[in-house]
Amino acid sequence: MRAPEPMPGYGLLLRRGYGSLAAAARGCADCGWELSLRTWAESAQLGWGEALLCALGALGWTALRRAAARSLFRPFGEWCNLRPKDAAKMPESAWKLLFYTISWSYGIYLLFFTDYPFFYDPPSVFYGTVRTWEKRKGMDVPTDIAIAYLMQCSFYGHSIYATAYMDTWRKDSVVMLLHHVVALTLIACSYAFRYHNVGILVLFLHDVNDIQLEFTKLNVYFKHRGGVYHRLNDVLSNIGCLTFTVSWFWFRLYWFPLKVLYATCYSSLQLVPNIPFYFFFNALLLVLTLMNIYWFLYIVLFVAKVLMGQMQEVNDVREYDVEDSKKPATGKKREAGLQLPNALKEGMHLKNGLVKDKRL
């Protein structure tokens, strides 16, 4: 049994990762569409039944969200007497918090309460796979991991539709759509090519931040209820913001590159020299890393505004209504009595942009 490999630093990741990518590129004389199609035909294992089950799951998530919003989240928001703009956004955050809490809890079970060593020894995601891929016979996906894949793949299929037609339209919604497409492609293809071991690690390292984000946003929405300020929710939102910032860097910008990218860029070629679709998967993982950096800039922007006194409370700086509510109404809008704060009270700009009032 192999001893766990020590986690590298950024410098070692860059040297070995770049060296492996460059060496693979130089040695790939016959790379192209013909090789890709042949490799897909020889290695991909994704049946129509599995694809149909995922599509049905996506439809199920959409129907379940509509039902939960109509029968549970919206009535609860009305009962708590939330401000209209907060009541309009609360069901989205409540739904996402519920799903990501369940999915991350299941990821904890897989990585820490079973025999899978992937978290403590990321290169182990490729142990024992070289003979399988060389023979092009594939491998069986364990049932517990297959359940996680079905749940996540169907949810990201639902999320593409939800971002476009159900969620509040934000400044980063286009990037969010791209993220969901990349995530869905990674999940589906990693299942088809039996990269499911590393896929579980990727999902675990990303879901935790979504839990903290939605928890923080819910406390922001519940801070003002029935025209009364509730300090507990304000304190919880501040704590959530702090833990979200720290964990985003730790999980997505520290552990993710040093555990996942090191394993996929470097360790994979050392253990499986002819690993299929090496460039394809690493390109998608690098795009995911760039998006993580992009969103981290929003976090840094928020922290900078707080430190410079431009923000006095926690708010989502991606929201259009947060930005607009700070702008004074001028000109004809003021004369006609259409001041922006009043418009916000009527719930404007809270419906999704593809349905009404898109703002790109």
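Everything numeric here is computed off the predicted structure, so don't read it as measured data.
- Annotation: side chain of Asp172 is not in contact with side chain of His179 (no heavy-atom distance under 4.5 Å).
- Under the ring-ring contact (aromatic ring centres under 6.0 Å, His included) criterion, Phe279 pairs with no residue, sequence neighbours left out.
- Applying the side-chain hydrogen bond (donor to acceptor under 3.5 Å, both in side chains) test to every pair with at least one member in residues 183-193, sequence neighbours left out, gives these pairs: Glu50-Tyr191, Tyr149-Ser190.
- At a threshold of 4.5 Å between non-hydrogen side-chain atoms, the residues Tyr278 and Leu21 count as touching.
- In the hydrophobic cluster analysis, where Ile, Leu, Val, Met, Phe, Trp and Tyr join through side-chain heavy atoms closer than 4.5 angstrom, Leu184 is grouped apart from Leu59.
- When every heavy atom of Glu214 is checked against every heavy atom of Ser93, the shortest pair comes out as OE1-OG, 2.8 Å.
- Pairing each heavy atom of Leu177 with each of Ile160, the nearest pair is CD2-O, 3.5 Å.
- A distance of 10.5 Å separates OG1 of Thr243 from CG of Leu213, quoted to the nearest 0.5 Å.
- Under the 3.5 Å distance criterion, with hydrogens and angles disregarded, a donor-acceptor pair is assigned to the side chains of Asn292 and His206.
- A pairwise comparison of heavy atoms in Pro122 and Leu201 identifies CB-CD2, 4.2 Å as the closest pair.
- For the atom pair Asp207 CG and Tyr106 OH, the distance stands at 13.5 Å (nearest 0.5 Å).
- Test Leu271, Asn197, Leu269 against Phe126 for side-chain contact (heavy atoms from CB on, under 4.5 Å) and you get one pass: Leu271.
- Counting only heavy atoms from C-beta outward, the side chains of Lys89 and Lys217 never approach each other to under 4.5 Å.
- Leu232 and Met90 fall within a single hydrophobic cluster, where Ile, Leu, Val, Met, Phe, Trp and Tyr side chains are chained together by heavy-atom contacts under 4.5 Å.
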Going through the distances and angles, do Arg65 and Asp167 end up as a salt bridge (Lys or Arg N to Asp or Glu O under 4.0 Å)?
CA-CA 11 Å; Arg65 173 173 171 175; Asp167 295 349; 2.7 Å; yes

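- In this structure, the ring-ring contact (aromatic ring centres under 6.0 Å, His included) partners of Phe99, at least two apart in sequence or on a different chain, are Trp61, Phe155.
- Arg225 and Asp86 are not joined by a salt bridge, as no carboxylate oxygen comes within less than 4.0 angstrom of a charged side-chain nitrogen.
- A donor-acceptor contact shorter than 3.5 Å is absent between the side chain of Asp234 and the backbone of His230.
- With hydrogens and angles disregarded, no donor-acceptor distance shorter than 3.5 Å links the side chain of Ser71 to the backbone of Ala68.
- Counting heavy atoms from C-beta on, the side chains of Tyr127 and Ser124 come closer than 4.5 Å.
- Under a hydrophobic-cluster definition in which Ile, Leu, Val, Met, Phe, Trp and Tyr are linked whenever side-chain heavy atoms come within less than 4.5 Å, directly or via other members, Leu261 and Ile293 are assigned to the same cluster.
- With rounding to the nearest 0.5 Å, the separation of CG in Leu236 from SG in Cys241 is 12.5 Å.
- Judged purely by atom type and a 3.5 angstrom limit, Ser20 has no side-chain atom pairing as donor or acceptor with the backbone of Gly17.
- Using a 4.5 Å heavy-atom threshold, the side chains of Asn209 and Phe244 count as touching.
- The two residues Leu253 and Tyr10 have their closest heavy-atom pair at O-OH, 2.7 Å.
- Note on ring orientation: taking the six-membered ring where Trp is involved, the planes of Tyr294 and Tyr298 are perpendicular (angle over 60°, cut-offs 30° and 60°).
- No single ILVMFWY cluster, assembled from side-chain heavy atoms under 4.5 Å apart, contains both Val235 and Phe215.
- Using bins of under 30°, 30° to 60° and over 60° for the plane-to-plane angle, the ring pair Trp104/Phe251 lands in the perpendicular bin.
- In this structure, a donor-acceptor pair under 3.5 Å is present between the side chains of Tyr116 and Asp144.
- Grouping the Ile, Leu, Val, Met, Phe, Trp and Tyr side chains by contacts below 4.5 angstrom, directly or via other members, places Phe296 apart from Leu242.
- Sorted by first and then second residue, the pairs that involve residues 257-268 and meet side-chain hydrogen bond (donor to acceptor under 3.5 Å, both in side chains), not counting sequence neighbours, are Glu5-Tyr262, Arg16-Tyr262, Thr264-Asn282.
- Summarising the geometry of Ile187 relative to Cys153, their closest heavy-atom pair is CG2-CB, 3.6 Å, with the distance given to 0.1 Å.
- For Ser159 and His180, the side-chain atoms include no donor-acceptor pair closer than 3.5 Å.
- Atom-to-atom distance recorded for Leu284:CG and Leu186:CG is 4.5 Å, nearest 0.5 angstrom.
- In this structure, Tyr18 places its OH atom where only 12 or fewer heavy-atom neighbours from other residues, nucleotides or ligands lie under 6.0 Å away.
- Ring orientation note: the planes of Trp295 and Trp248 are nearly perpendicular, at an angle over 60° on the 30°/60° scale.
- A salt bridge links Lys96 and Glu92; the closest N-O separation between the charged side-chain nitrogens and carboxylate oxygens is under 4.0 Å.
- Considering CZ of Phe119 and CG of Asp121, their distance stands at 12.0 Å, rounded to 0.5 Å.
- Nearest heavy atom pair, residue Val202 against residue Leu285, reads CG2-CD2, 4.3 Å.
- By the salt bridge (Lys or Arg N to Asp or Glu O under 4.0 Å) test, Arg252 is found to be paired with Asp210, residues two or more places apart in sequence or in another chain being considered.
- Under the 6.0 Å cut-off for aromatic ring centres, Tyr165 and Tyr161 qualify, their centroids lying closer than that.
- Ring centroids of Phe204 and Phe112 are separated by less than 6.0 Å, placing the two rings close together.
- Taking CD1 of Ile211 as the reference point, atom OG1 of Thr101 lies at 4.0 Å (rounded to 0.5 Å).
- Contact annotation: the side chain of Ile275 never approaches that of Phe281 to less than 4.5 Å [non-hydrogen atoms, C-beta and beyond].
- Taking the ring-ring contact (aromatic ring centres under 6.0 Å, His included) definition, one finds that His196 meets it with nothing, sequence neighbours left out.
- Contact of the Leu290 side chain with the Leu286 side chain is not registered, since no non-hydrogen atoms from C-beta on lie closer than 4.5 Å.
- Side-chain atoms of Lys223 and Tyr229, non-hydrogen and from C-beta on, do get closer than 4.5 Å to each other.
- Not one N or O on the side chain of Asn219 forms a donor-acceptor pair closer than 3.5 Å with the backbone of Ser237.
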